[in-house]
Amino acid sequence: MRIGIIGGQSTPSFIKNKESLEIETKYGNIYIQISRLQEHEIFFVQRHGEKSNIPPHKINYRGNIEALAACHVECIFSLGTVGSMKKSIAPGDIVIPHDFIDFTKHRYYTFYDDSRVHIDMTNPFCPFLRNKLIESSEKISSIKMHKNGVYLVTEGPRLETPAEIRYFSEFADIVGMTLIPEITLAREKEMCYASLCIVCNMAAGLQQNMLTANEISVMYKKLEKNVSKLLQITIESIPDIERNCECKNLLSGAVL
Ligand SMILES: [Zn+2]
């Protein structure tokens with residue numbers, strides 16, 4: 001199967017002997033690293049661009065997803081760092097979200113600007129990929145995994161205020177900036193999509209000190225090895241057969 005990985009920080013360590021490809025899309029050129037893992041072909045995209053310098057609100061989300069679709073990728077694992085809004089979710093934990101709330105403001109949300117397409121969001125994350133991630137996490141004893149979670153997406157690039165976090169935490173568990181519109185665009189391409197969220201800090205007002213970008217990257221470095229191992233075990237557990245979930249038929253019934 002052709003499996004995409006969208007990363008926010010470094011490239012997972014199992015992506016070896018890679019070939020780099022520049023895919024031309026109408027939204028711009030996207031760099032993809034291609035490698036193999038067992039019978040699967042892996043397509044890795046650095047979300048923040050080749051030089052990893054594009055901020056969350058300026059990411060070429062449509063280009064990234066269009067390029068993966070052009071490579072006939074069927075499933076996407078998305079890696080991202082988030083802040084926790086719940087005491088039960090600590091820095092160092094991993095959350096596999098099952099739902100999201102969108103508080104972004106200025107992004108390109110759809111591939112369909114000239115037709116009426118309304119993609120269903122009843123199960124925004126692919127249940128099959130989520131289960132595979134959850135099952136695989138049980139094989140790594142040092143991982144503390146949360147099997148559910150609501151991801152609230154902010155526009156950024158600023159972090160949130162304590163009042164915003166009090167408000168958001170009534171309805172959501174983790175907060176980050178990059179899930180939207182990545183997940184909705186992937187669904188418009190009928191791809192399976194699941195997110196592996198790495199908790200790097202407590203959100204504003206829930207920890208003593210001020211939040212720093214460096215703190216996020218230091219925590220990510222600590223967890224990097226486990227995240228890579230989890231992803232590898234998960235991908236190895238996916239059978240190379242035709243998908244059996246509803247993601248592959250999302251457009252039927254979505255077009256007016
Ligand atoms: Zn699916």
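Indexing begins at 1, ligand by ligand and atom by atom, following the structure's order. Only a predicted model underlies this, so the values are computations on that prediction, with no experimental measurement involved. What you see below is based on every heavy atom in this structure, not just the backbone, and it leaves out hydrogens, waters and symmetry mates.
Rounding to the nearest 0.5 Å places CE of Met145 at 5.0 Å from CG of Leu230.
Within the protein, the N, O or S atoms sitting under 2.8 Å from the Zn ion (ligand 1) are Cys126 SG, Cys192 SG, Cys245 SG, Cys247 SG.
Within the hydrophobic cluster formed by Ile, Leu, Val, Met, Phe, Trp and Tyr side chains joined at under 4.5 Å, directly or through other members, Val175 is accompanied by Met85, Ile101, Phe103, Val150, Leu152, Ile165, Tyr167, Phe168, Phe171, Met202, Leu206.
By the rule that hydrophobic residues join a cluster once side-chain heavy atoms approach within less than 4.5 Å of another member, Leu79 and Ile183 end up as members of separate clusters. Note: the hydrophobic cluster containing Met191 does not contain Leu129 (ILVMFWY, side chain heavy atoms under 4.5 Å, direct or indirect links). Residues Phe14 and Ile6 are members of separate hydrophobic clusters, defined by side-chain heavy-atom contacts under 4.5 angstrom among Ile, Leu, Val, Met, Phe, Trp and Tyr.
Residue-environment remark: CD (Glu242) stays at or below the threshold of 12 foreign heavy atoms within 6.0 Å.
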